[in-house]
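Input: a single structure, listed below in structure tokens.
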2 protein chains.
Amino acid sequence: MDTKPALRSPTITDVAEAAGVSPMTVSRVLNGRGGAGEETRRRVLEAAQALSYRPNAFAKSLKNDRSNTVGIVVPDIVNPFFPEIIRGAELVARPAGYTLLSCNVVEDPEREEEVLGMLLDKRVDGLIICSARLDDERLLRAIAPHRAVVLINRAAAKRHAGTIEVDYRAGVEAVVTQLIAQGRRRFGFAAGPAASQGGRKRREGIEAALARHGLSLVFDLPCTPDLQGGAEIAARLLPEIAQVDAMICYNDLIALGLMKPLEQAGIRVPEDIALVGCDDIPASDLVSPALTTLRIAKQDLGEMAMRMLLDRIAGRNAQQGIVIEPDPIWRATTPRLPG
Amino acid sequence: MDTKPALRSPTITDVAEAAGVSPMTVSRVLNGRGGAGEETRRRVLEAAQALSYRPNAFAKSLKNDRSNTVGIVVPDIVNPFFPEIIRGAELVARPAGYTLLSCNVVEDPEREEEVLGMLLDKRVDGLIICSARLDDERLLRAIAPHRAVVLINRAAAKRHAGTIEVDYRAGVEAVVTQLIAQGRRRFGFAAGPAASQGGRKRREGIEAALARHGLSLVFDLPCTPDLQGGAEIAARLLPEIAQVDAMICYNDLIALGLMKPLEQAGIRVPEDIALVGCDDIPASDLVSPALTTLRIAKQDLGEMAMRMLLDRIAGRNAQQGIVIEPDPIWRATTPRLPG
DNA sequence: TTGAAAGCGCTAACAC
DNA sequence: GTGTTAGCGCTTTCAA
């Protein structure tokens with residue numbers, strides 16, 4: 001019955017011919033613009049159906065100067081922090097008629113720049129950038145030509161981009177303050193990527209809490225934000241492990257990567273050393289001892305960012321900067337809380 | 001110094017005017033087609049640079065009838081199995097000049113169908129589908145109009161798509177055989193999504209091994225392929241836990257989701273019940289006891305799939321079906337191997 | 001070595 | 001209610 005799929009996909013003109021009308025009428029019917037006779041309408045729909053007609057998105061975009069596509073750029077799709085954000089963003093984008101183009105930059109600024117250019121070529125209507133690693137100048141230059149931008153965990157002039165920032169500073173400060181109250185004094189920081197703004201805010205939080213007690217960081221080293229980074233920190237830390245009785249980690253992956261080497265070296269967590277992560281990825285509640293961390297509502301974050309982006313695309317720049325608070329989740333890598 | 005970014009992005013005509021040549025010459029220079037005077041060439045490049053000209057991908061695609069974009073469809077981007085595949089695919093796609101459009105279908109067949117249609121609208125040059133959940137007829141109908149398709153973990157007529165399949169059957173059979181040798185007799189299967197072809201192959205592997213010893217599955221229940229699914233299986237299993245001394249799980253997430261409820265119920269792993277996952281996600285080596293599993297080279301899988309896809313796009317359909325073998329990783333949720 | 005014309009598939013603006 | 005014209009930005013074809 002079925003005819004073979006044509007070599008060339010059917011165009012609006014093919015449908016028009018099949019229905020015995022003009023392309024314009026087909027366009028009107030298919031886009032629900034109204035102003036088409038009932039009978040005509042039926043014939044057009046039938047013809048489109050019969051040909052399995054799908055409008056060519058390029059032609060549409062070229063004409064309309066909008067792609068109905070938005071981009072989201074993440075440092076590393078394998079880091080469990082980001083897929084949830086992507087999912088949240090997609091959840092909002094799709095019902096609004098947007099396709100999400102998600103791009104991985106593998107923690108590489110060059111690549112980040114390249115990807116932003118590519119998204120420009122594809123004429124995305126807007127984009128979300130998670131934890132941009134580019135320096136201010138390059139970032140600004142790269143986003144300037146874009147129609148609408150939202151930055152996650154990166155400050156920027158409101159004119160150029162909306163921002164959603166996690167208040168790591170407050171979150172980390174609260175946790176460190178609590179640990180000090182429990183008697184910890186010698187803090188280390190596994191700082192994550194040096195270029196991360198979020199990393200600097202976490203450090204500020206630690207230092208603010210420490211300063212109030214006349215303390216300062218005894219260990220502060222950057223590392224890749226993954227299990228491997230944690231393992232490397234462990235190797236650096238172990239020779240001078242006695243210097244430290246609490247480690248604050250840039251994220252859960254680092255903390256998790258730290259745990260096994262510590263255990264193998266006979267260091268007890270949390271007795272000898274307390275461990276705190278950040279993000280609350282699923283694995284953190286699965287390991288033993290379960291990891292104390294700052295929970296971030298990742299999917300919400302993605303949803304918010306996308307809502308803000310859609311607003312900006314629509315020219316509504318109402319909410320320009322949102323700050324969300326992380327939630328301390330006290331688990332077993334820190335001493336039991338009193339009460 | 002800089003002029004404000006224009007409202008309208010510069011076109012090839014703008015560049016042509018600035019350089020005092022025709023659009024055609026600009027096109028030639030920018031695409032490295034050769035046949036342009038040295039001096040002309042220089043002027044064009046300069047003008048393009050000065051205007052920050054970026055060719056409009058739509059116009060290009062509309063004309064060329066190719067988008068230089070390929071799609072990859074995954075059931076759930078939050079499942080750690082898939083981001084690694086995506087990364088592998090991207091690693092191969094980008095140097096070849098392709099942009100990867102990754103789409104999440106949240107384990108929903110309707111959504112899968114919709115996404116395949118959307119990809120068609122966007123005129124992707126080809127696409128990879130991971131663990132398609134559509135039934136054969138709908139899947140075939142959905143991929144038929146696409147130019148090139150590769151299926152991961154799903155069989156198909158070679159004419160319609162290349163395939164890369166993990167030999168779960170053999171992998172699972174080997175593991176179960178080993179467990180039987182260690183004295184396990186009462187096997188359960190946390191089967192994952194009913195629509196998964198991979199799930200059926202795992203079951204076949206279990207049953208083949210059991211049959212050789214006159215045994216059969218005492219527990220076989222579908223579940224979502226995530227931690228939640230494991231927790232639900234645990235709830236169903238616990239009342240009749242004594243019936244079972246080994247659980248084979250569709251994937252590591254399910255196995256991991258199973259572990260905490262079992263532990264809380266006082267069931268010892270592996271003494272009372274052996275546990276086997278599949279995929280070898282990073283968390284599996286972090287928990288205690290560490291999870292025995294079948295390792296799949298996820299990134300390789302993604303790379304292979306993309307290479308096969310690029311071949312098919314280029315009209316080279318040499319390698320049409322690849323089977324890869326999973327690697328049993330014996331860890332602590334199964335009894336120690338002899339030797 | 002360079003340019004002019006035509007057209008990819010679609011739709012906004014304006015007829016009829 | 002429906003059709004015609006023109007043009008989005010680019011490149012292929014052909015001519016100069």
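As the structure is a prediction and not an experimental result, all values here were calculated from the model.
Atom CD of E17(B) is separated from atom P of dG3(C) by 13 Å (rounded to the nearest Å). Rounded to whole angstrom, the span from the CG atom of D65(B) across to the P atom of dG7(C) amounts to 17 Å.
A donor-acceptor pair under 3.5 Å is absent between the side-chain atoms of H146(A) and the main chain of L119(A), judged by distance alone. Between the side chain of S27(B) and the main chain of P23(B), no donor-acceptor pair closer than 3.5 Å is present. Of the possible polar contacts, none joining the N64(A) side chain to the R66(A) backbone as a donor-acceptor pair under 3.5 Å is found. For the pair D14(A) (side chain) and T11(A) (backbone), a donor-acceptor distance under 3.5 Å is present.
The phosphate of dG3(D) (OP1 or OP2) has a side-chain N or O of T25(A) nearer than 4.0 angstrom.
Counting non-hydrogen atoms of other residues, nucleotides and ligands closer than 6.0 Å to CD of E39(A) gives a total above 12.
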Atom pairs and distances, donor-acceptor, side-chain atoms in residues 44-51 of chain A, under 3.5 Å, two or more places apart:
{"residue": "E46(A)", "atom": "OE2", "partner": "R42(A)", "partner atom": "NH1", "Å": "2.9"}

Response to the item:
Under a 4.0 Å heavy-atom criterion, the protein footprint on nucleotides 8-16 of chain C, written with B, S and -, is BBBBBB---
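In this structure, T40(A) reaches the sugar-phosphate backbone alone: every heavy-atom distance under 4.0 Å involves primed, P, OP1 or OP2 atoms, never a base.
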